[in-house]
Amino acid sequence: MNYIGLCPFHNEKTPSFNVNPTRNIYKCFGCGKGGSAVSFIMEHEHYTYPEALRYLAKKYNIEIEEKEQTPEMLQEQSERESLYIVSSFAEQFFIDTLHHSEEGKSIGLSYFKERGFSEHTVQKFRLGYSPNEWDALLKAALEKGYKPEYLEKTGLVKIKSNSSGKQELPTTGYQP
């Protein structure tokens with residue numbers, strides 16, 4: 001059984017807001033908003049995800065055990081976020097290379113078309129192209145100020161070491 005009412009997110013005269021308590025979801029067919037009970041609280045009260053969980057826990061007398069983050073935990077979280085940012089940069093680099101470089105268009109896009117991939121598929125799955133240079137991503141990332149150790153930790157690049165064990169970076173003006 002669904003409940004139908006006026007949407008709290010936009011003004012309307014005809015009810016288009018549906019709640020399905022069995023599936024624990026809501027959907028407004030007028031403005032398109034929808035989701036779970038937590039996303040409803042987040043949208044309606046303008047809370048973050050943790051704030052919405054705390055709000056619901058307090059309302060229903062549920063105790064939440066929270067830990068204060070240690071410096072090690074904060075460092076690990078910061079590193080995870082840095083790796084995610086570097087990975088996002090790499091994704092966009094490969095997508096841009098596919099669509100905006102001569103090599104990407106002539107080799108990458110033509111390959112996808114030969115395989116029967118539509119433009120919609122290429123965009124939906126965020127496909128890209130890696131140029132035929134071993135250090136293209138590394139150079140681009142260094143020019144944008146990304147740290148080489150994060151690039152290496154993601155597995156996206158391999159930084160060479162010379163015979164003395166010192167890291168060798170491509171010449172891009174990077175100063176370690």
Side-chain angles (χ1 to χ4, degrees), residues 25 32-57 64-176:
I25 59 172
K33 296 194 189 237
S36 68
V38 176
S39 63
F40 177 84
I41 298 296
M42 290 171 62
E43 186 73 34
H44 191 261
E45 302 297 328
H46 305 290
Y47 286 161
T48 64
Y49 184 76
E51 290 170 337
L53 291 179
R54 285 187 201 101
Y55 170 86
L56 289 168
I64 297 177
E65 185 178 318
E66 294 190 64
K67 293 181 185 177
E68 188 154 336
Q69 291 191 321
T70 65
E72 294 81 19
M73 293 167 80
L74 291 171
Q75 173 65 29
E76 186 178 311
Q77 180 181 358
S78 175
E79 184 173 299
R80 253 192 327 254
E81 289 170 2
S82 296
L83 296 175
Y84 177 78
I85 290 167
V86 167
S87 296
S88 294
F89 168 78
E91 175 190 38
Q92 197 57 52
F93 171 79
F94 294 129
I95 290 170
D96 289 345
T97 302
L98 176 68
H99 294 286
H100 303 294
S101 73
E102 288 304 316
E103 183 182 350
K105 291 177 193 174
S106 65
I107 298 172
L109 280 177
S110 65
Y111 173 78
F112 289 139
K113 287 179 183 170
E114 285 174 20
R115 298 291 306 261
F117 289 37
S118 67
E119 181 61 34
H120 173 75
T121 300
V122 170
Q123 288 187 6
K124 180 178 180 177
F125 291 98
R126 308 205 33 87
L127 301 179
Y129 178 79
S130 178
N132 193 20
E133 300 171 40
W134 72 270
D135 61 348
L137 174 63
L138 180 59
K139 283 181 180 179
L142 292 175
E143 286 173 11
K144 296 285 186 183
Y146 293 99
K147 293 183 178 181
E149 57 268 18
Y150 290 133
L151 289 160
E152 189 167 37
K153 276 190 175 182
T154 61
L156 292 167
V157 300
K158 179 76 174 147
I159 298 175
K160 295 180 180 180
S161 295
N162 62 20
S163 58
S164 67
K166 186 175 181 196
Q167 290 182 339
E168 291 181 356
L169 297 172
T171 54
T172 60
Y174 174 76
Q175 298 293 321

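Positions are given from 1, in the same order as the sequence printed here.
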Enter the distance from [X]:[atom1] to [Y]:[atom2] here, rounded to the nearest 0.5 Å.
X	Y	atom1	atom2	answer
S82	K153	OG	NZ	9.5 Å
E143	K139	CD	NZ	8.5 Å
H99	Y129	NE2	OH	13.5 Å
L83	E152	CG	CD	11.5 Å
F89	Y84	CZ	OH	15.0 Å
E133	L138	CD	CG	11.5 Å

If you look at every heavy atom in [X] and [Y], which pair is closest and at what distance?
X	Y	result
A136	P131	CB-CG, 3.5 Å
A52	Y47	N-CB, 3.8 Å
A57	I64	CB-CD1, 3.3 Å
I95	L127	CG1-O, 3.6 Å

### Task
Tell me, with the steps shown, if E51 and M42 meet side-chain contact (heavy atoms from CB on, under 4.5 Å).
CA-CA 8 Å; E51 290 170 337; M42 290 171 62; over 6 Å; no
### Query
Does the T97 side chain pair with the main chain of F93, one donor and one acceptor, at a distance under 3.5 Å?
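Side chain of T97 to backbone of F93: a pair is present.
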### Task
Using a 4.5 Å cut-off on heavy atoms from C-beta on, say whether the side chain of L98 contacts that of V122.
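A side-chain contact exists here, since the closest heavy-atom pair is under 4.5 Å.
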### Query
Is any side-chain heavy atom of Y49 closer than 4.5 Å to a side-chain heavy atom of L53?
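Answer yes - side chains close enough.
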### Task
Would you please classify the geometry between the F117 ring and the F112 ring as parallel, tilted or perpendicular, with 30° and 60° separating the classes?
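Geometry flag for F117 against F112: parallel rings.
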### Task
Return the set of residues passing side-chain contact (heavy atoms from CB on, under 4.5 Å) with E102 (not counting sequence neighbours), or none when no residue passes.
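If we apply the side-chain contact (heavy atoms from CB on, under 4.5 Å) test to E102, skipping adjacent residues, the hits are K105.
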### Message
If you apply the rule salt bridge (Lys or Arg N to Asp or Glu O under 4.0 Å), what do you find for R80 with E76, and how did you get there?
### Response
CA-CA 6 Å; R80 253 192 327 254; E76 186 178 311; 3.2 Å; yes
### Query
Under the criterion side-chain contact (heavy atoms from CB on, under 4.5 Å), which of E43, E45, H44 is the partner of I41?
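Of E43, E45, H44, side-chain contact (heavy atoms from CB on, under 4.5 Å) with I41 is met by E45 alone.
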### Query
Step by step, would you call S101 with E103 a side chain to side chain donor-acceptor pair (under 3.5 Å)?
CA-CA 5 Å; S101 73; E103 183 182 350; 5.7 Å; no
### Task
Apply side chain to side chain donor-acceptor pair (under 3.5 Å) to Y111 and R115, showing your working.
CA-CA 6 Å; Y111 173 78; R115 298 291 306 261; 2.7 Å; yes
